[in-house]
Amino acid sequence: MEEQNPTFIDSTKLIFGIGQVEKITEVSGRQLRYWEKQGYIQPLEQKKGASRQYNLHTLFMIFHIQRFLNQGFTLQTAVDKARKFDEQIPVLREFLSNQLKGIIVKDDQKLLDFGYLDASHQQRIYGVIKDGKTSFKIDPVSH
DNA sequence: TTTCTGACA
DNA sequence: TGTCAGAA
């Protein structure tokens, strides 16, 4: 017995060349080199003159910086907002991985099961997605 | 062919 | 920030 089957793809093994990053994020190579020079992004450690490689997280940052630039923010502000957004992702992950108990997909709606409302275990709370709109629903637990 | 660095009719 | 040159 060595390794168990991994649950997730090892994102550290996902690397992208600058050309791929350009296509995916629509940020020019010129910009990517400039942002790097300004210290906003950092490619994987490469030898001098070697082509740049970016990990998934950096690709994510580049994507969002561009997204904020497109919204009219300055580069510095776009970077700040992207970094702030980046900090929020782990929080969302933590909450969801702990609180989301299951997902129920029906024909007309999707239900996110967030488990019991409280310690009394009398009610269960669901996140609802229906007709493109979201809401919450609390149902009594049938024992 | 792609990417790199440096420079600017 | 685009684009071109000359090299890798």
Side-chain angles (χ1 to χ4, degrees), chain A residues 1-121 123-141:
Chain A
M1 306 308 128
E2 289 296 321
E3 303 283 319
Q4 289 296 312
N5 293 324
T7 305
F8 300 107
I9 289 175
D10 181 356
S11 64
T12 67
K13 293 178 180 175
L14 290 176
I15 57 176
F16 307 83
I18 195 168
Q20 293 300 311
V21 175
E22 285 186 292
K23 289 177 182 174
I24 296 170
T25 66
E26 293 188 286
V27 174
S28 69
R30 175 74 170 78
Q31 284 175 291
L32 292 172
R33 297 184 184 100
Y34 177 70
W35 296 0
E36 177 184 334
K37 196 168 190 175
Q38 299 306 303
Y40 295 140
I41 58 173
Q42 195 65 252
L44 268 40
E45 322 70 44
Q46 295 295 147
K47 301 173 183 177
K48 57 289 177 185
S51 56
R52 274 160 259 256
Q53 296 195 308
Y54 303 84
N55 60 28
L56 187 60
H57 180 253
T58 303
L59 177 68
F60 173 93
M61 290 298 290
I62 294 169
F63 179 87
H64 289 292
I65 291 172
Q66 176 68 314
R67 189 164 67 76
F68 289 122
L69 282 177
N70 288 335
Q71 288 175 24
F73 295 102
T74 63
L75 178 55
Q76 178 64 67
T77 302
V79 170
D80 290 341
K81 294 178 78 70
R83 286 177 176 167
K84 188 140 192 172
F85 183 64
D86 186 47
E87 293 179 345
Q88 301 176 335
I89 303 303
V91 179
L92 181 62
R93 278 199 138 75
E94 182 178 9
F95 181 83
L96 250 29
S97 69
N98 284 305
Q99 197 59 251
L100 186 60
K101 307 304 180 185
I103 299 178
I104 303 167
V105 180
K106 296 182 178 179
D107 297 324
D108 57 332
Q109 66 178 9
K110 292 87 173 181
L111 259 40
L112 305 186
D113 180 2
F114 285 118
Y116 295 115
L117 180 61
D118 54 42
S120 69
H121 292 191
Q123 298 167 302
R124 211 166 177 84
I125 181 168
Y126 297 92
V128 183
I129 302 177
K130 185 174 185 179
D131 300 326
K133 296 182 179 179
T134 60
S135 62
F136 284 111
K137 182 162 69 80
I138 297 177
D139 286 350
V141 175

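As the structure is a prediction and not an experimental result, all values here were calculated from the model. Proteins get letters first, then strands, A, B, ... in listed order; numbering begins at 1 in each.
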Distance in angstrom units between [X] [atom1] and [N] [atom2], rounded:
| X | N | atom1 | atom2 | result |
| --- | --- | --- | --- | --- |
| A:F16 | B:dT3 | CZ | P | 14 Å |
| A:L32 | B:dC4 | CG | C1' | 13 Å |
| A:Y54 | B:dT3 | OH | C1' | 10 Å |
| A:Y34 | B:dT3 | OH | C1' | 21 Å |
| A:Q31 | B:dT3 | CD | P | 16 Å |
| A:Q53 | B:dC4 | CD | C1' | 14 Å |
| A:K37 | B:dG6 | NZ | P | 7 Å |
| A:L69 | C:dT1 | CG | P | 7 Å |

**OP:** Could you provide the dot-bracket string of DNA chain C, using ( ) for intrastrand pairs, [ ] for crossing pairs and | for bases paired to another strand, with Watson-Crick or G-U pairs below 3.5 Å?
**Re:** .|||||||
Original post:
Which nucleotide sits closest to the side chain of A:S28: C:dG2, C:dT1, B:dT3?
Top reply: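 So the side chain of A:S28 is nearest to C:dG2.
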**OP:** Measure the shortest side-chain to side-chain distance between A:Q31 and A:L75 over non-hydrogen atoms and say whether it is less than 4.5 angstrom.
**Re:**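 Not in contact.
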Original post:
Going by heavy atoms in the side chains, are A:K130 and A:D108 under 4.5 Å from each other?
Top reply: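 Yes. Closest side-chain heavy atoms under 4.5 Å.
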Original post:
Between the main-chain N or O of A:V128 and the side-chain N or O of A:Q109, is there a donor-acceptor pair closer than 3.5 Å?
Top reply: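 No; zero donor-acceptor contacts below 3.5 Å.
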**OP:** Please confirm whether the backbone N or O of A:L117 pairs with a side-chain atom of A:Q123, one donor and one acceptor, at under 3.5 Å?
**Re:**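 Judged by distance alone, no pair lies under 3.5 Å.
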**OP:** Hey, can you tell me if A:F114 and A:F136 have their rings parallel, tilted or perpendicular (30° and 60° cut-offs)?
**Re:**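 Plane angle between 30° and 60°, so tilted.
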Subject >> 5′-ward residue of the pair A:R30/A:R33 relative to DNA chain B >> reply: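 Result: A:R33.
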Subject >> Donor on one side chain, acceptor on other, A:N55 and A:T58, under 3.5 Å >> reply: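 The criterion, which ignores hydrogens and geometry beyond distance, is satisfied for A:T58 and A:N55.
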